[in-house]
Amino acid sequence: MASDPYARPRAEMLTIFSTVFPEIPWQTLKFQIDPPRDPAHGDLTSNVAFVASARLGRAPREAASILNEALNANLLPTSSIAAADVAGPGFLNITLRPEFKQRAEHEAIREILRAGERCGNSAAGGGKRVNVEYVSANPTGPMHVGHCRGAVVGDALANLLAKAGYAVTKEYYINDAGAQVEALAWAVYWRYLQAIGQPIGAEEFSALVPGGLQYRGEYLIPVGRALAEQYGLALGEPEFLVPSADALAVVRAFAVNEMMRSIREDLALLGVVPDVFSSERALLEAGAADAAIARLGKAGLIYEGTLEPPKGRLPEDWEPRTQTLFRATAFGDETDRPLRKSDGSNTYFANDIGYHADKMARGAEILIDVLGADHSGYVRRMQAAVAALSARRAALEVVLCQIVHVVRAGRPVRMSKRAGSYITLRDLIDEVGRDAVRFTMLTRKADAQMEFDLDQAVAQTRENPVFYVQYAHARCRSVLRAATELLGAAVVAEEALAASPLEALGADPELAVIRRLIAFPRTVEAAAQAREPHRIAFFLYDLAGDFHILWNRGREDSSFRFLNPDRPAETRARLALVAATAAVIRAGLAILGVTPVEEMR
RNA sequence: GCGCCCUUAGCUCAGUUGGAUAGAGCAACAGCCUUCUAAGCUGUGGGUCGGUGGUUCGAAUCCACCAGGGCGCGCCA
């Protein structure tokens, strides 16, 4: 676990303030003592004067002076703090004692080297059990680009939370119970008829299908064939036009299996391997939805009633209807929500309530659903349901992913299902590769729309973040390979470098890299807390930039080269920095699910 | 009509949960390779943070209203 290199100066400051101003509850005041954005603002900077100014009864600038004086007057010779200064409107800028600062920096590097890929691991999550549900694409066809962002964001978020000390379950919900899979069964039956030599035209068959024939894509042809191989004519007898209920059930189960097999394959290609697949149908048959609804009923949150028509936009066929409703308004939703359709069967929402209850019953303390933005209208009601089921103890968090527009050379690549030319996930991975897909999907905040530029994702330039970060890592590895040639593997091993003298480090571009490395654990914790995995991608891009700068210093001025046989101590120190950089890049990429590259030629 | 999300440099986007002079990349111009990877680096220019009010010592960040874009809006999932 990462220790905080600045814990000591923080504690010293607190001690001094507590002694001089015992009447102020410093422990409960929310102020920060952190490395500043701008290194010119000291080693650490604090807004303590702003936060405490009211308690001190002084304006911030004055409060800062008072605190600054108290601080400077009480510093011990052994303190980690050398001096403090008032700056700007009332910041306290702290200069650390050089020995302490250097020791802290060196210790941070050593810690990274000792931890390797585990560097940045945090206990912030306290082992809390988090269930992250993502993808959950309907098992009615191959995965396409629209599913991809949620898959990547959810997977990276799950990895991130695990790194930050949560006990994470990655979960996929199979929507195998609704009207959509029924429609799938009909469509597969249609293909089955073709496979057994009883073909029927799409329009003709559609007239026989309740709701019409929906999934007409060619991807179901092999499913129909496989069905024919396994069952022969048995599913079609005796009519060969409309399947019996039993036959349709067989077809449906078979079709869902096939679709899920294909989805699992696609997910695996993307590096997504859920821990748990939950079946809506299985849950339904086990009575999960009924049980959850019964609980809500017991709590007086279910009633038969009629909803108001939507305001301002009355549907043509609207008529008042009595329905089974969940009192979502009691938990912040804007209207109560129906649980049963007019045919008496459950709505999707009703089954989903059962599912979320099941997740909680399995021990999840935090529920996170990663959903597409087209589900935004669904969020409130599900949160209401989770609040109701847990007596407001558990909360459902929802990460919404906005739409991805795929472009090539700045022009939109159309992916309309009707045109049949939509981009499947497999197409995308084939074209740009798994790592580019994953990293690129994480270069935007999830709830901002993004353009996925196919050309940029494979470009070998700085404008392609995947490449830029991979290149930095490859360069690190390149140096370490060269060092191994020169000095032997024993010297270059991470354990050996962790024990190296590091006093030779201290040039500006080196310090920039070090500062960034030290920020990694903080970045992981903040990103996890904000549920924003994209911050890791940006961190890596910045770190890569710092490293490329350092690299180029060696080109301009050979005294900055990492390897200098005449100066063994300096060489080992720099190798330690390079190895630590590589370790942090690997650790960060592991969160994103991207493979580090050893060499690029 | 109502709800949620978004609006930051010419373009694509960050902005460490309210901190100091708002940052990167692309595009434009000018430089750096007998050396560990020039697929890189350095420098220059570019902004009423959609608008107006408010809260605050301090607002791109929080609140209200307005404008523009996206998504959704009783039996679909």
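To find a chain, count down the sequence lines: A is the first, B the second, and so on, and within it residues start at 1.
- A donor-acceptor contact closer than 3.5 angstrom is absent between the side chains of Gln180(A) and Thr140(A).
- Pro320(A) comes within contact range of at least one nucleobase, with a heavy-atom separation under 4.0 Å.
- Base contact: Gly554(A) has a heavy atom under 4.0 Å from a base atom.
- One can place CG of Asp447(A) at 16 Å from P of U61(B), the figure rounded to the nearest angstrom.
- Backbone-only contact: His548(A) has heavy atoms under 4.0 Å from sugar-phosphate atoms and none from a base.
- For Asn93(A) and A20(B), a side-chain-to-base donor-acceptor distance below 3.5 Å is present, hydrogens and geometry of angles not being considered.
- When the salt bridge (Lys or Arg N to Asp or Glu O under 4.0 Å) test is applied to Glu133(A), the partners found at least two apart in sequence or on another chain are Lys359(A).
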Please enumerate all protein N or O atoms sitting under 3.5 Å from an N or O of nucleotides 25-31 of chain B, with distances to 0.1 Å.
residue: G25(B); atom: OP1; partner: Arg462(A); partner atom: NH1; Å: 3.4

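- What separates CZ of Phe467(A) from C1' of A24(B) is a distance of 17 Å, to the nearest Å.
- When the C1' atom of A77(B) is taken as reference, atom CD of Gln214(A) falls 11 Å away, rounded to whole Å.
- Under 3.5 Å, the side chain of Thr347(A) and the base of A77(B) form no donor-acceptor pair of N or O atoms.
- In this structure, the nucleotide among U35(B), C4(B), A77(B) sitting nearest to the side chain of Tyr348(A) is A77(B).
- In the set A77(B), U16(B), A20(B), U16(B) carries the atom at the smallest distance from any side-chain atom of Ala526(A).
- In this structure, Gln323(A) and Pro338(A) approach most closely via the heavy-atom pair NE2-CB, 3.7 Å.
- Under the side chain to side chain contact (heavy atoms under 4.5 Å, CB included) criterion, Tyr303(A) pairs with Leu325(A), Arg327(A), Asp336(A), not counting sequence neighbours.
- Annotation: side chain of Asp453(A) is not in contact with side chain of Arg408(A) (no heavy-atom distance under 4.5 Å).
- As rounded to whole Å, 12 Å separates atom C1' of C76(B) from atom CD of Glu280(A).
- Note on ring orientation: taking the six-membered ring where Trp is involved, the planes of Tyr355(A) and Tyr173(A) are parallel (angle under 30°, cut-offs 30° and 60°).
- Positionally, the nearest nucleotide of RNA chain B for Leu550(A) lies more toward the 5' end than for the other of Leu550(A) and Glu308(A).
- Closest to the side chain of Phe91(A), out of A77(B), G70(B), A20(B), is A20(B).
- The aromatic rings of His375(A) and Tyr378(A) sit perpendicular, their planes meeting at an angle over 60°, well past the 30° parallel limit.
- For Pro210(A), the side chain to side chain contact (heavy atoms under 4.5 Å, CB included) partners at least two apart in sequence or on another chain are Trp186(A).
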How does RNA chain B read in dot-bracket, base by base from 5' to 3', with Watson-Crick or G-U pairs under 3.5 Å and | used when the partner is on another strand?
(((((((..((((.....[...)))).(((((.......))))).....(((((..]....))))))))))))....
Show every donor-acceptor pair shorter than 3.5 Å between a side-chain atom in residues 539-554 of chain A and any protein atom, with sequence neighbours excluded, or say none if there are none.
residue: Tyr541(A); atom: OH; partner: Arg462(A); partner atom: O; Å: 3.2
residue: Tyr541(A); atom: OH; partner: Arg462(A); partner atom: NE; Å: 3.3
residue: Asp546(A); atom: OD2; partner: Arg516(A); partner atom: NE; Å: 2.6
residue: Asp546(A); atom: OD2; partner: Arg516(A); partner atom: NH2; Å: 3.1
residue: His548(A); atom: ND1; partner: Arg475(A); partner atom: NH1; Å: 3.0
residue: His548(A); atom: NE2; partner: Tyr468(A); partner atom: O; Å: 3.2

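- With hydrogens and angles ignored, the 3.5 Å screen pairs a side-chain donor or acceptor of Arg531(A) with a backbone N or O of Ala528(A).
- Base engagement by Ala87(A) is indicated by at least one non-hydrogen atom pair under 4.0 Å involving a base atom.
- The stretch residues 323-342 of chain A touches RNA chain B through Gln323(A), Glu334(A), Pro338(A), Lys341(A), Ser342(A), each having a heavy atom within less than 4.0 Å of the strand.
- Annotation: U12(B) and G51(B) have their C1' atoms spaced 24 Å apart (nearest Å).
- In this structure, CG of Asn552(A) is placed 5 Å from C1' of G40(B), rounded to the nearest angstrom.
- Positionally, the nearest nucleotide of RNA chain B for Asp542(A) lies more toward the 5' end than for the other of Gly377(A) and Asp542(A).
- Each of Ile94(A), Thr95(A), Asn93(A) was compared with Asp43(A) under the side-chain contact (heavy atoms from CB on, under 4.5 Å) criterion, and only Thr95(A) meets it.
- By the 5.5 angstrom centroid cut-off and the 30-degree plane limit, His375(A) is classified as not stacked against the base of G72(B).
- Counting only heavy atoms from C-beta on, Asn47(A) has its side chain closest to G19(B) among U17(B), G40(B), G19(B).
- Evaluation of the salt bridge (Lys or Arg N to Asp or Glu O under 4.0 Å) rule for Arg149(A) yields no partner, not counting sequence neighbours.
- Comparing C57(B), A77(B), C36(B) against the side chain of Trp551(A) picks out C36(B) as the nearest.
- Counting only N and O atoms by type, the side chains of Glu308(A) and Thr335(A) include no donor and acceptor under 3.5 Å apart.
- Taking side-chain N and O atoms only, Tyr471(A) has no distance below 4.0 Å to OP1 or OP2 of C41(B).
- Spacing between G58(B) and U21(B) at atom P, rounded to whole Å, works out to 13 Å.
- The side chain to side chain contact (heavy atoms under 4.5 Å, CB included) check on Ala457(A) picks up Val432(A), Ala436(A), Thr440(A), Phe452(A), with sequence neighbours excluded.
- Within 4.0 Å of Ala474(A), counting heavy atoms only, lies at least one base atom of the nucleic acid.
- Residues satisfying the side chain to side chain contact (heavy atoms under 4.5 Å, CB included) criterion with Glu532(A), sequence neighbours excluded, are Lys445(A), Ala530(A), His534(A), Arg535(A).
- Within the structure, every pair that satisfies the salt bridge (charged side-chain N to carboxylate O under 4.0 Å, His left out) test and touches residues 565-574 of chain A, not counting sequence neighbours, is listed here: Glu510(A)-Arg574(A), Arg567(A)-Glu570(A), Glu570(A)-Arg574(A).
- Nucleic acid contact class of Ile549(A) (heavy atoms, under 4.0 Å, all strands): sugar-phosphate only.
- Between the side chain of Asp374(A) and the base of G72(B) there is no donor-acceptor pair of N/O atoms closer than 3.5 Å.
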Produce the list of close N/O pairs, under 3.5 Å, pairing protein atoms with atoms of nucleotides 10-15 of chain B; give distances to one decimal.
residue: U12(B); atom: O2'; partner: Arg444(A); partner atom: NH2; Å: 2.7
residue: C13(B); atom: O5'; partner: Arg444(A); partner atom: NE; Å: 3.1
residue: A14(B); atom: OP1; partner: Lys445(A); partner atom: N; Å: 2.9
residue: G15(B); atom: OP1; partner: His534(A); partner atom: NE2; Å: 3.1
residue: G15(B); atom: O2'; partner: Arg37(A); partner atom: NH1; Å: 3.3

